[in-house]
Peer 1: 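Quick one: this structure, given as structure tokens, is what I'll be asking you about.
All heavy atoms count here, side chains included; hydrogens, waters and symmetry mates do not.
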Amino acid sequence: MNLDHALSIIAEDIRPTEDQQAIFRLAEYIFAHKKDIKHLTYSAIAQLVDVRRPEKLLRIAQYLSGERVKILEMKFELIIDDCITPLDDETVYHAETTGSLIHPDTGYPVENYRHHVYPYFVPSSEVVNR
């Protein structure tokens, strides 16, 4: 997918104009910096699109990582103290279905894992490979 195609889909899908413009800004940023973006957090997205309401921010991130546009891909990391460990999708899925997260490096269960797992975003392969 290229930027023009993404913007045309966004224009079809998103109203009001204020929301549309915010998503346009983020899409343009993602395409312009696709090779440099390695870790886009919710707070970084909020700054880029100038959105303060969490529910609106969540809708924007979900939309851009959904099947219709798919320019973002959600990833997860485990942060305990100063130690950051990337988590693969299978590990996160297992944790959500069983209620237990096994630390990928230590092999031990992570107590209260939901307090230590954080989402972030990267440009999707559809964007990076263009």
Side-chain angles (χ1 to χ4, degrees):
M1 174 174 300
N2 63 30
L3 177 59
D4 290 336
H5 186 217
L7 294 178
S8 69
I9 293 171
I10 294 165
E12 288 175 22
D13 291 350
I14 305 298
R15 300 281 186 266
T17 305
E18 173 188 323
D19 292 349
Q20 191 182 78
Q21 292 304 314
I23 296 173
F24 282 170
R25 280 193 307 275
L26 183 54
E28 289 166 351
Y29 177 85
I30 292 165
F31 277 92
H33 301 281
K34 65 185 176 184
K35 294 190 188 309
D36 301 321
I37 299 172
K38 306 289 185 233
H39 194 270
L40 194 58
T41 63
Y42 276 114
S43 60
I45 293 171
Q47 289 177 353
L48 288 167
V49 298
D50 195 27
V51 168
R52 301 290 178 251
R53 294 192 345 249
E55 67 279 359
K56 191 177 212 177
L57 179 61
L58 183 59
R59 279 196 313 271
I60 289 170
Q62 286 176 328
Y63 175 75
L64 290 179
S65 58
E67 287 305 312
R68 182 92 166 120
V69 179
K70 188 116 174 101
I71 63 174
L72 286 177
E73 182 178 338
M74 183 181 269
K75 300 285 188 177
F76 295 91
E77 59 192 357
L78 177 66
I79 303 175
I80 300 175
D81 299 323
D82 291 335
C83 184
I84 300 171
T85 306
L87 298 174
D88 62 29
D89 292 342
E90 186 177 312
T91 301
V92 174
Y93 177 78
H94 182 266
E96 287 299 306
T97 57
T98 65
S100 175
L101 176 71
I102 304 301
H103 196 291
D105 294 339
T106 67
Y108 293 111
V110 176
E111 201 170 307
N112 296 317
Y113 80 88
R114 286 188 173 100
H115 296 287
H116 301 286
V117 174
Y118 295 90
Y120 66 97
F121 299 89
V122 296
S124 70
S125 59
E126 289 88 344
V127 172
V128 173
N129 295 330
R130 281 298 275 149

Peer 1: So, Asp81 side chain and Cys83 main chain: donor-acceptor pair closer than 3.5 Å or not?
Peer 2: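 It does not hold such a pair.
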
Peer 1: Return the CG to NZ distance between Asp36 and Lys38, rounded to the nearest 0.5 Å.
Peer 2: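 If I round to the nearest 0.5 Å, the distance is 6.5 Å.
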
Peer 1: Within a 6.0 Å radius of atom CD on Glu55, are there more than 12 heavy atoms belonging to other residues, nucleotides or ligands?
Peer 2: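 Yes, CD of Glu55 has more than 12 neighbouring heavy atoms, counting only those of other groups under 6.0 Å.
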
Peer 1: Tell me whether Arg52 is salt-bridged to Asp50, with the criterion being a basic N under 4.0 Å from an acidic carboxylate O.
Peer 2: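 Between Asp50 and Arg52 there is a salt bridge, with a charged N closer than 4.0 Å to a carboxylate O.
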
Peer 1: Is there a side-chain contact (heavy atoms from CB on, under 4.5 Å) between Tyr118 and Thr41 once you walk through the steps?
Peer 2: CA-CA 9 Å; Tyr118 295 90; Thr41 63; over 6 Å; no

Peer 1: Indicate if Tyr120 and Leu48 have the same hydrophobic cluster label, given that clusters are the connected sets of ILVMFWY residues with side-chain heavy-atom separations under 4.5 angstrom.
Peer 2: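 Per the 4.5 Å side-chain linkage, Tyr120 and Leu48 are not co-clustered.
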
Peer 1: Check Ser65 against Phe121 and note the closest heavy-atom contact, atom names and distance.
Peer 2: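 Closest approach of Ser65 to Phe121: OG-CE2, 4.3 Å.
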
Peer 1: For residues Val122 and Tyr29: do they belong to one hydrophobic cluster (side chain heavy atoms under 4.5 Å, members Ile, Leu, Val, Met, Phe, Trp, Tyr)?
Peer 2: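 Different clusters.
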
Peer 1: Could you tell me the separation between the OG1 atom of Thr85 and the NE2 atom of His116, rounded to the nearest 0.5 Å?
Peer 2: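 Those atoms lie 11.5 Å apart.
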
Peer 1: Can you check side-chain contact (heavy atoms from CB on, under 4.5 Å) on Asp19 and Arg15, steps first, answer last?
Peer 2: CA-CA 6 Å; Asp19 292 349; Arg15 300 281 186 266; over 6 Å; no

Peer 1: Kindly indicate whether the side chain of Glu28, heavy atoms from C-beta on, has any atom under 4.5 Å from the side chain of Leu7.
Peer 2: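 A side-chain contact exists here, since the closest heavy-atom pair is under 4.5 Å.
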
Peer 1: When you look at Val127 and Glu73, which way does the side-chain contact (heavy atoms from CB on, under 4.5 Å) test go after all the steps?
Peer 2: CA-CA 10 Å; Val127 172; Glu73 182 178 338; over 6 Å; no

Peer 1: Applying side-chain hydrogen bond (donor to acceptor under 3.5 Å, both in side chains), name anything that partners Glu77, two or more places apart in sequence or on another chain.
Peer 2: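 By the side-chain hydrogen bond (donor to acceptor under 3.5 Å, both in side chains) rule, Glu77 matches His39.
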
Peer 1: Look up atom CG in Asn2 and atom CD1 in Ile71, then write down how far apart they are to the nearest 0.5 Å.
Peer 2: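 Output value for this atom pair is 11.0 Å.
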
Peer 1: Show which side-chain atoms of residues 95-104 pair as donor or acceptor with protein atoms under 3.5 Å away, not counting sequence neighbours.
Peer 2:
from: Glu96; atom 1: OE2; to: Tyr113; atom 2: OH; distance (Å): 3.2
from: Thr97; atom 1: OG1; to: Tyr93; atom 2: O; distance (Å): 3.0
from: Thr97; atom 1: OG1; to: His94; atom 2: O; distance (Å): 3.2
from: Thr98; atom 1: OG1; to: His94; atom 2: O; distance (Å): 2.7
from: Thr98; atom 1: OG1; to: Ser100; atom 2: N; distance (Å): 3.2
from: Thr98; atom 1: OG1; to: Ser100; atom 2: O; distance (Å): 3.3
from: His103; atom 1: ND1; to: Asp105; atom 2: N; distance (Å): 3.0
from: His103; atom 1: ND1; to: Thr106; atom 2: N; distance (Å): 3.4

Peer 1: Would you name the heavy atoms of Lys34 and Val128 that are closest together and state the gap between them?
Peer 2: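 For Lys34 and Val128, the tightest heavy-atom pair comes out as CD-CA, 4.3 Å.
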
Peer 1: Looking at every heavy atom in both Tyr42 and Pro119, which two are closest together, and how far apart are they?
Peer 2: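 That would be CE1-CG, 3.5 Å.
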
Peer 1: Indicate the atoms forming the closest heavy-atom contact of Val49 with Arg25, along with that distance.
Peer 2: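 So the minimum-distance heavy-atom pair works out to O-NH2, 2.7 Å.
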
Peer 1: Just verifying a value: how many Å separate Ile60 CD1 and Ile10 CD1, rounded to the nearest 0.5 Å?
Peer 2: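 Answer rounded to 0.5 Å: 10.0 Å.
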
Peer 1: What heavy-atom pair brings Arg68 and Glu12 nearest, and what distance separates the two atoms?
Peer 2: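 Closest approach of Arg68 to Glu12: NH2-OE1, 3.0 Å.
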
Peer 1: When rounded to the nearest 0.5 angstrom, what is the spacing between CG in Leu72 and CD1 in Ile45?
Peer 2: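 If we round to the nearest 0.5 Å, Leu72:CG and Ile45:CD1 are 5.5 Å apart.
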
Peer 1: Determine, step by step, whether Glu18 and Lys56 satisfy the side-chain contact (heavy atoms from CB on, under 4.5 Å) criterion, reporting the C-alpha distance in whole Å, the side-chain angles of both residues, the deciding distance to 0.1 Å, and the verdict.
Peer 2: CA-CA 11 Å; Glu18 173 188 323; Lys56 191 177 212 177; 2.9 Å; yes

Peer 1: Just how far is it from atom CG of Leu58 to atom OH of Tyr63, taken to the nearest 0.5 Å?
Peer 2: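 Between Leu58 CG and Tyr63 OH, I get 15.0 Å after rounding to 0.5 Å.
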
Peer 1: Could you tell me which non-hydrogen atom of Ala46 sits nearest to which non-hydrogen atom of Leu57, and how far apart they are?
Peer 2: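 Closest approach of Ala46 to Leu57: N-CD1, 3.7 Å.
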
